[in-house]
Colleague: 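So that we are looking at the same thing, I have put the structure below in structure tokens.
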Amino acid sequence: MENIIKSLEEKFNISEVIKKSDNLNILTVDKKLAMSLIIYLKEIEKFSHLVMLSAVDWLEDGKFQLSYILNNPEKKIDLIIRVFISREKPEMESIHKIWVHAATDQRELKEMYGIEFPESPRLNDDFLLEGWDNIPPMRRDFDTLKYSEETFFPRPGRQTYETKEYMKEKMYPDEKNSKNKKGLKDA
Amino acid sequence: MSLKDVLLPFLAWGKVFKNPVTIKDPFNDRPGSARYRGFHKNDIEACIGCGACEEICQNAAIDMVPVKGIETKDGDSGLRPMVDYGRCCWCALCVDVCSTNSLNLSNEYTWVENDPDKFRYIPGVDKKDWDNNELGWKKPENYDLNEPFRIQMEELKPEKRDSSFIEFVKGYSKEQAEAEADRCIDCGLCTATCPAHMAIPEYIKAIRNDDLEEGLRIMYETNPLPEICGRICTHKCETVCAMGHKGDALSIRWLKRYIADQIPESKYKDILNQGNDISPKSKKIAIIGSGPAGLSAAYYLTNLGYKTKIFEALPEAGGMMRYGIPEYRLPYDQIDKDVKYILSLGVEIEYNIKIGKDISLEELGKEYDAVFAGTGLHLGRSTRIPGAEHENVYFATDLLREISLGNDIHVGNKIVVIGGGNVAMDITRSLVRLQNQKNIKVDVTATSLESEDIMPADREEIDESREEKAIIDPGWGPKEIEIKDGKIKGLRTIKCLSVFDDEGRFNPKFDEKDKKFFEADMVVESIGQGMDLTYISEDIKTMVKFSDRGRIIVNKDFQSSLDWFFVGGDIIEGPDVIHGIANGHKAAKGIDKFLNK
């Protein structure tokens with residue numbers, strides 16, 4: 001594993017290496033060199049299996065992180081390739097020609113994060129969310145609570161109590177200066 | 001249709017005698033996996049009704065509702081979560097955020113019912129088959145959505161602090177304060193327990209938003225002494241903090257100090273928008289004593305437009321906060337800051353004037369429309385054991401007052417302090433500092449009736465005293481101060497087995513055979529404080545009602561049975577600074593009510 005990483009560092013300008021265990025390392029690589037690195041790993045280093053492709057939304061940094069988990073079945077070692085792409089115009093080269101099944105991962109990432117993978121088959125078909133009409137739900141600026149409150153009607157008869165107001169009413173009602181009676185919150 | 005399509009169904013028949021992959025027997029249980037996220041369970045005794053589960057739920061599936069038989073009390077709202085399974089998506093964030101780990105998910109996932117309303121229930125209260133399921137989702141260990149431990153405050157090391165009265169707790173930086181504020185889950189259990197019912201989660205939120213001016217405004221609504229309380233409040237709020245169940249309670253006291261520390265007093269008036277819009281009233285109120293109760297009453301009365309004047313027997317303002325608490329815990333300039341702001345609003349103060357001597361209470365009553373007395377507990381109480389009348393036996397309160405006045409006090413070579421409360425720790429640590437300053441080898445021992453686990457002093461006070469090389473040796477009852485040739489030889493004690501009886505009354509039990517002798521040439525008594533009510537004349541005493549234990553009886557407006565005479569602070573509730581502040585505030589409202597009748 002060490003030798004592989006050493007040679008990769010020389011060839012692909014790896015910006016960060018995190019060793020998770022003897023058979024798992026995380027490498028961060030520039031977007032421009034990511035494709036070459038992945039093809040190199042598959043063809044030369046025999047990381048023939050794409051375990052999965054996933055994403056993380058780093059809202060504050062204005063970036064999405066893509067994680068390609070690759071497996072070398074002979075040596076039983078894994079590499080996670082991290083690539084950071086712009087959040088403003090999220091786009092990444094498709095790897096469906098290297099692994100056919102990656103198209104499914106990419107279709108999911110398009111739906112959940114809004115990341116474009118040009119030329120990836122059926123990229124814009126609904127994956128899980130039929131008739132979705134909002135920003136992609138895995139983006140951190142998607143307000144799940146607000147969406148569910150607007151989308152699903154509340155069950156009749158539900159009511160909830162605000163802790164502070166309720167305690168005030170029970171423990172020191174004489175000092176009540178709140179407009180909210182009985183500590184009831186709108187459900 | 002191809003030939004393959006026609007033949008394929010028949011090919012399936014070839015597998016008819018193979019073992020199926022589906023489960024054969026539909027009548028047996030098919031339990032969810034060990035960490036399956038199924039229906040909720042709640043340990044109703046452990047739950048404190050903080051509402052964090054409701055707050056985090058992204059589907060608004062949880063309501064906090066009252067439950068019969070669960071009482072609202074300090075540290076428990078009395079509310080419990082009710083789950084609506086029409087909305088729950090089994091994400092288990094409610095479990096991960098639960099401040100007591102009482103809420104879990106069972107691994108049960110099947111439930112058939114015709115009535116849809118049945119799918120709303122209170123876990124742990126409405127009995128379910130899966131209540132005792134051991135399996136299911138629990139918060140993984142070593143994982144918390146909120147940092148469970150306190151951001152540590154920088155302090156001077158014991159060897160740097162034990163010979164000086166300089167404040168040794170440093171105060172939070174911006175980053176530290178924001179990180180600590182970030183741990184608050186905004187449940188508000190603290191507000192109910194705080195005697196002044198301060199809007200604690202709100203001012204902590206102001207720190208998170210870096211809006212300290214808003215924080216200051218929130219604090220002054222219920223507490224006009226934030227610099228002081230930010231340092232020496234008894235922080236009852238922290239004893240009920242929801243975060244304390246899994247880790248450390250929030251440092252509410254230090255966060256309060258952080259807000260006040262960042263804003264200079266000169267900006268207070270603008271920020272609090274005070275002084276300009278007060279419409280003055282003609283009525284005047286006299287306040288006896290400038291401790292927390294008196295200052296608080298003066299502040300809120302002035303804001304209501306009344307002319308207020310404080311009469312203070314000592315040369316400076318603050319009462320017990322200045323003359324009872326050592327400077328290393330509460331520096332005088334911080335008292336001055338809070339006091340200066342209150343005086344800047346137009347409160348008058350006269351120092352070195354004793355009511356009952358320089359001017360009588362009757363005269364005050366005639367000259368002013370109402371009088372508020374917050375005269376505190378300045379008298380020491382004696383153990384009355386043989387030898388206690390010796391000249392080198394002192395009261396802690398007297399010594400602490402002399403130190404604050406800047407007077408030289410007698411410092412022995414071997415000192416024993418009798419008492420286990422915060423005042424005992426204050427005098428112990430002050431004497432350690434004085435011994436160091438006078439180049440005497442540190443030799444101060446504090447001993448109390450109470451054993452270590454029930455000592456009334458704050459834990460940190462005990463620990464810090466020991467760090468400063470004082471000896472704390474609790475669990476001994478004082479028997480006699482041995483005197484030989486007119487000089488103190490030491491304190492004879494016997495083992496104290498228990499302090500309170502089964503009904504919780506003070507009724508100490510001793511083992512007379514288990515003795516201990518503390519060698520000493522100076523003894524300090526710190527077993528409680530008494531009030532000096534000699535300023536109340538005999539005439540007035542006949543008009544004011546007293547309880548059997550000698551306390552003045554007041555109504556909830558802190559009004560005595562003599563209608564113009566209001567009383568509060570330590571002589572009514574305490575001893576405790578925050579009760580004093582709360583009393584002063586309530587009395588101010590009560591006086592306003594009385595004068596507008």
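By convention in this document, chain letters (A, B, ...) are assigned in the order of the sequence lines, proteins followed by strands, and residues within each chain are numbered from 1.
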Colleague: Apply side-chain contact (heavy atoms from CB on, under 4.5 Å) to A/K168 and B/H197, showing your working.
Modeller: CA-CA 9 Å; A/K168 196 184 233 179; B/H197 305 306; over 6 Å; no
Colleague: A/M167 versus B/T191: any side-chain heavy-atom pair under 4.5 Å?
Modeller: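 Counting from C-beta outward, A/M167 and B/T191 never come under 4.5 Å.
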Colleague: If you measure from CZ on B/R87 to CZ on A/F152, what distance do you get to the nearest 0.5 Å?
Modeller: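 Nearest 0.5 Å value for the CZ-CZ distance: 7.5 Å.
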Colleague: How far does CD of B/E71 sit from CE of A/M171, to the nearest 0.5 angstrom?
Modeller: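 Answer rounded to 0.5 Å: 9.0 Å.
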Colleague: side-chain hydrogen bond (donor to acceptor under 3.5 Å, both in side chains), that's the test. Do B/E54 and A/T160 meet it? Break it down for me.
Modeller: CA-CA 9 Å; B/E54 179 192 23; A/T160 188; 2.8 Å; yes
Colleague: Tell me whether B/D84 is salt-bridged to A/R155, with the criterion being a basic N under 4.0 Å from an acidic carboxylate O.
Modeller: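 Result for this pair is no, no salt bridge flagged.
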Colleague: Which of the residues B/T72, B/I62, B/D186, B/D76 is involved in the greatest number of heavy-atom pairs with chain A at under 4.5 angstrom?
Modeller: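 Winner by heavy-atom pair count: B/T72.
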Colleague: Report, as yes or no, whether the 6.0 Å neighbourhood of atom CG on B/N114 holds more than 12 heavy atoms from other residues, nucleotides or ligands.
Modeller: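 Result for CG/B/N114: open.
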Colleague: Other residues, nucleotides and ligands only: do more than 12 of their heavy atoms fall within 6.0 Å of NZ on A/K97?
Modeller: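 Not buried by this count: 12 neighbours or fewer within 6.0 Å.
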Colleague: Taking the side chain from A/S148 and the backbone from B/Q58, do they hold a donor-acceptor pair closer than 3.5 Å?
Modeller: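 Flag set: sc A/S148 to bb B/Q58 pair under 3.5 Å.
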Colleague: Between B/K556 and A/D174, is any pair of side-chain heavy atoms under 4.5 Å apart?
Modeller: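 Of all side-chain heavy-atom pairs linking A/D174 with B/K556, at least one is under 4.5 Å.
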Colleague: A/K164 and side-chain contact (heavy atoms from CB on, under 4.5 Å): which single residue from B/C187, B/C190, B/P201 fits?
Modeller: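 Exactly one pass, corresponding to B/P201.
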Colleague: OG of B/S77 to CD of A/E162: how many Å apart, nearest 0.5 Å?
Modeller: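 One gets 10.0 Å once the value is rounded to the nearest 0.5 Å.
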Colleague: At under 4.5 Å between heavy atoms, what parts of residues 57-95 of chain A are in contact with chain B? List them by residue number.
Modeller: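 Hits under 4.5 Å: none found.
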Colleague: Of all of B/G78, B/P116, B/G51, which one pairs up most often with chain A through heavy atoms under 4.5 Å apart?
Modeller: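 If we count pairs closer than 4.5 Å to chain A, B/P116 comes out on top.
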Colleague: Between A/T144, A/L145, A/D143, which residue shows the highest count of heavy-atom pairs closer than 4.5 Å to chain B?
Modeller: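 Most heavy-atom pairs under 4.5 Å with chain B: A/L145.
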Colleague: Measuring from atom CE of B/M82 to atom CZ of A/R158, what distance do you get when rounded to the nearest 0.5 angstrom?
Modeller: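 Answer rounded to 0.5 Å: 9.0 Å.
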Colleague: Does any heavy atom of chain A fall under 4.5 Å from the side chain of B/E202, the backbone, both, or neither of them?
Modeller: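 B/E202 touches chain A through side-chain heavy atoms alone.
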Colleague: Chain A heavy atoms under 4.5 Å from B/A582: which part of the residue, side chain, backbone, both or neither?
Modeller: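 Neither part; nothing is under 4.5 Å.
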